[in-house]
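Encoded as structure tokens, the structure appears first; notes follow it.
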Amino acid sequence: MSSINPLEKTRNIGIAAHIDAGKTTTTERILYYTGRVHRMGEVDDGDATMDWMPQEMERGITITSAATTCEWRGHHINIIDTPGHVDFTVEVERSLRVLDGVVTILCAVGGVQPQSETVWRQANTYGIPRIVFINKMDRTGADFHDVLHQMRKRLGANALAIQLPIGAEDTFEGVVDLIEMNATYWEDELGAEAVEREIPAEMRDRAELFREHLIVALADTNPHLEEKYFAGEQPTPEELREVIRQATLENDLIPVLAGSSLKNKGVQPLLDAVIDYLPSPVEVPPIIGWEPKTEKAITCKPSPDEPLAALVFKVATDPFVGQLSYVRVYSGTLKKGQTVYDAQERVKSRIAHLLIMHANRRENVETVSAGDIVGVVGLDKATTGTTLCQMDHPVILENIEFPEPVIAMAIEPKTTADEGRLMESLQRLMAEDPSFAVRTDHDTGQQIIAGMGELHLEVIKDRLLREFQVDANVGNPQVAYKETITSPASARGRFVRQTGGQGQFGDVTLLVEPLPRGRGYEFEDRTRGGVVPREFISAVQAGIREAMETGVLASYPVIDVRVALTDGSYHDVDSSDIAFKLAAGMAFRDAYREAGPILLEPVMLVEVVTQETYMGDVVSDLSARGAEISSMKPTSGDTQTIVARVPLATMFGYSTQLRSLTQGRATYTMEPESYRRLTEERQEAIAGA
């Protein structure tokens with residue numbers, strides 16, 4: 001069986017949102033109405049198709065992005081349902097890297113929430129066209145127009161309503177289509193049959209006003225429509241849809257729809273909007289890679305006849321087939337049995353199976369081509385970011401950047417028999433999840449696991465027990481502190497060894513300088529006259545990077561530092577890579593000690609939504625945790641939203657405390673925001689521990 005779909009009739013989309021906005025419920029309805037499943041699963045019942053992991057079923061949240069495919073109006077749609085919890089934001093990041101369009105779901109009650117903003121920023125980074133579905137119009141407190149206002153204010157989005165809800169809360173019945181100027185109702189319980197009627201008389205004036213706004217906004221982006229508008233002519237629905245499509249593809253505006261996925265209202269028009277307004281693979285800029293030897297830019301055109309260029313954006317451990325790699329094919333064709341090449345690692349692999357994914361179920365195919373998203377078996381050496389190409393047309397695509405882990409804890413097997421299996425399992429989990437790290441503490445010999453939050457590491461521990469049958473003890477969470485410097489300093493490092501035969505000689509002088517927060521590490525070669533030969537520069541950099549892994553204050557990694565190589569010398573016979581690497585490490589450590597080293601701690605952006613009754617207790621507790629309260633504002637009803645910046649070190653166990661303070665009625669989200677300097681007292685306590 002082949003899976004070559006016409007590129008113009010293919011859509012690669014993601015469903016993204018804040019936790020509990022209704023992503024998975026919406027995806028379930030999409031699968032039902034497109035005939036992919038014959039009954040709708042429910043998140044609350046633990047039988048949602050896309051939340052197939054045991055941990056997802058128990059917690060009622062999405063943890064891993066799941067891929068599926070469906071057909072609508074003769075188009076092939078690849079869908080990735082992404083997590084909404086900030087601990088699993090890496091899943092969103094790598095999914096957005098390979099998608100052409102995104103359906104952002106906002107809750108009609110909660111509006112624009114913290115993870116909504118994070119996902120929006122990620123989509124902005126990749127320049128991905130979006131449409132927005134304001135979900136949960138049936139919920140108490142639903143306010144379509146307030147969410148539109150929040151989109152414009154908090155997301156900076158040019159939000160354009162192409163529908164209006166008919167009613168809200170328990171009176172929500174259907175939607176007004178501002179393009180066709182009619183009303184759509186779903187009267188059967190499953191919402192399968194849409195009934196079109198006249199716009200209700202009491203909504204006619206408002207609908208005409210919003211249609212006027214729609215046409216004016218579109219006329220600003222299209223000269224032909226502008227001419228027609230000033231001539232007093234009414235554009236046809238087809239003309240409006242075409243202008244909306246072009247403006248959406250160029251990220252000039254965001255079409256906004258309304259509905260209630262749980263009540264089966266509004267999902268079919270959302271599918272229509274995916275086809276009408278989101279791009280096919282030929283309507284997005286072609287991906288650019290580079291030739292590994294010459295570093296010359298290569299444009300990978302979206303065509304099955306071009307040389308192969310595909311990106312592995314996720315790897316997963318499958319109990320039946322071993323490593324399963326999720327691949328987006330950008331150009332060329334991929335066939336079962338074909339040998340592919342990883343130009344970066346110079347590794348060849350043979351494609352054992354090609355699989356069209358449907359959550360954790362799959363369907364074998366013989367061939368896939370440009371525009372497809374598939375599962376591949378046989379790429380045992382592939383990791384997230386691996387490029388697949390042909391030996392005779394090598395290309396490397398831009399890799400995916402992932403956030404640093406912010407929380408760590410010690411882990412050890414419960415029995416010595418489990419020791420080998422624990423390390424093997426952790427390595428497999430690390431290959432799957434680039435935001436999960438494993439290292440050995442040089443001082444204690446303990447294995448340390450690090451991730452994006454307490455829930456992230458809790459799920460890792462749960463998976464070790466269930467999937468890998470390894471029982472482990474874990475310690476208390478530890479904060480992933482960093483070290484940096486406050487002033488420039490210079491030092492010389494010389495490594496000289498003479499042992500009878502050929503010796504070792506390396507000599508470098510390094511200048512270290514502080515960088516602004518978030519800049520990471522920069523290296524400059526400021527030498528002149530070849531005092532350090534070019535062939536040893538990479539060894540100098542390797543020595544610096546190795547020394548930066550453990551700072552001198554408390555052995556935490558060093559960040560936000562520029563290191564300049566300013567001088568050095570070499571020996572024609574005795575100089576070697578290892579000598580320069582060791583000399584650079586010595587020079588860096590000596591300069592670092594003189595550069596005013598300090599400790600930095602991760603600060604989290606915390607947003608708490610609570611009833612007004614508990615405001616005093618919640619604010620008091622946050623203040624006791626060292627929080628800087630940024631804002632307190634009313635949301636809907638009697639609820640208030642508190643936004644604060646809080647040191648991660650004080651936030652362990654916060655969910656339990658918040659439940660206790662508010663009788664379980666408050667919710668909160670937390671995401672990494674920045675690193676800031678510790679007070680001298682806390683720095684001394686940590687460095688001396």
Side-chain angles (χ1 to χ4, degrees), residues 17-22 61 83-89 104-121 134 136 139-143 146-157 403 406-407 452-456 477 479 601-676 678-679 682:
H18 184 89
I19 190 169
D20 204 32
I61 62 169
H85 196 288
V86 69
D87 280 19
F88 309 105
T89 194
T104 301
I105 297 182
L106 299 177
C107 173
V109 181
V112 175
Q113 296 167 284
Q115 190 65 2
S116 318
E117 296 184 52
T118 302
V119 170
W120 202 265
R121 284 195 302 271
I134 297 180
K136 302 194 177 184
R139 287 270 303 275
T140 303
D143 190 332
D146 183 52
V147 180
L148 277 178
H149 175 71
Q150 288 182 42
M151 284 182 65
R152 292 168 186 141
K153 189 175 178 184
R154 295 182 63 176
L155 301 178
V406 296
I407 184 171
M452 299 305 296
E454 287 181 275
L455 179 60
H456 187 192
V479 177
E601 67 176 343
V603 175
M604 312 302 283
L605 184 65
V606 178
E607 188 158 319
V608 183
V609 179
T610 180
Q611 276 69 29
E612 211 161 324
T613 316
Y614 308 112
M615 275 283 286
D617 290 340
V618 172
V619 170
S620 174
D621 180 67
L622 283 170
S623 299
R625 295 171 186 270
E628 292 175 5
I629 308 291
S630 303
S631 66
M632 293 184 282
K633 55 183 183 290
T635 42
S636 59
D638 68 338
T639 61
Q640 294 268 346
T641 298
I642 305 160
V643 179
R645 286 163 179 79
V646 197
L648 173 62
T650 67
M651 287 299 288
F652 296 132
Y654 183 63
S655 55
T656 306
Q657 176 69 1
L658 186 63
R659 278 197 297 270
S660 169
L661 289 172
T662 64
Q663 299 180 16
R665 297 176 69 191
T667 60
Y668 84 101
T669 56
M670 180 170 77
E671 61 178 285
E673 194 208 34
S674 60
Y675 277 85
R676 75 177 178 198
L678 281 168
T679 61
R682 287 189 61 206

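A 6.0 Å sphere centred on NZ of Lys633 holds more than 12 heavy atoms belonging to other residues, nucleotides or ligands.
The OG1 atom of Thr610 lies 6.5 Å from the CG atom of Leu658; values are rounded to the nearest 0.5 Å. Atom CD of Gln113 and atom CD of Glu607 lie 7.5 Å apart (nearest 0.5 Å).
Using a 4.5 Å cut-off on side-chain heavy atoms (C-beta onward), Ile642 and Met615 make contact. Between Ser116 and Thr104, the closest side-chain pair of non-hydrogen atoms is not below 4.5 Å. No side-chain heavy atom of Tyr614 sits under 4.5 Å from any side-chain heavy atom of Val608.
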Indicate every side-chain donor-acceptor pair of residues 619-626 with a distance under 3.5 Å to a residue at least two apart or in another chain.
residue	atom	partner	partner atom	Å
Asp621	OD2	Arg625	NE	2.9
Ser623	OG	Val619	O	3.0
Arg625	NH1	Thr650	O	2.6

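In terms of heavy atoms, Ala649 sits closest to Arg682 at CB-NH2, 3.6 Å. Closest of all the heavy-atom pairs between Lys136 and Cys107 is CD-SG, 3.9 Å. Scanning all heavy atoms of the two residues, the minimum distance from Trp120 to Ala157 falls at CZ2-CB, 3.6 Å. In terms of heavy-atom proximity, Leu106 sits nearest to Met151 at CD1-CG, 3.6 Å. The shortest heavy-atom contact between Ala21 and Ala17 is CB-CB, 3.8 Å. Nearest heavy atoms, Arg676 versus Pro647: NH2-CG, 3.2 Å.
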(message) Run the side-chain contact (heavy atoms from CB on, under 4.5 Å) test on Thr140 and Val109 for me, step by step, so that the C-alpha distance in whole Å, both residues' side-chain angles and the decisive distance to 0.1 Å come before the verdict.
(response) CA-CA 7 Å; Thr140 303; Val109 181; over 6 Å; no
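Under the 3.5 Å distance criterion, the side-chain polar atoms of Glu601 are left unmatched by any main-chain donor or acceptor of Leu678.
Under the rule for a salt bridge (Lys or Arg N to Asp or Glu O under 4.0 Å), the partners of Arg645 that lie at least two apart in sequence or sit in another chain are Glu673.
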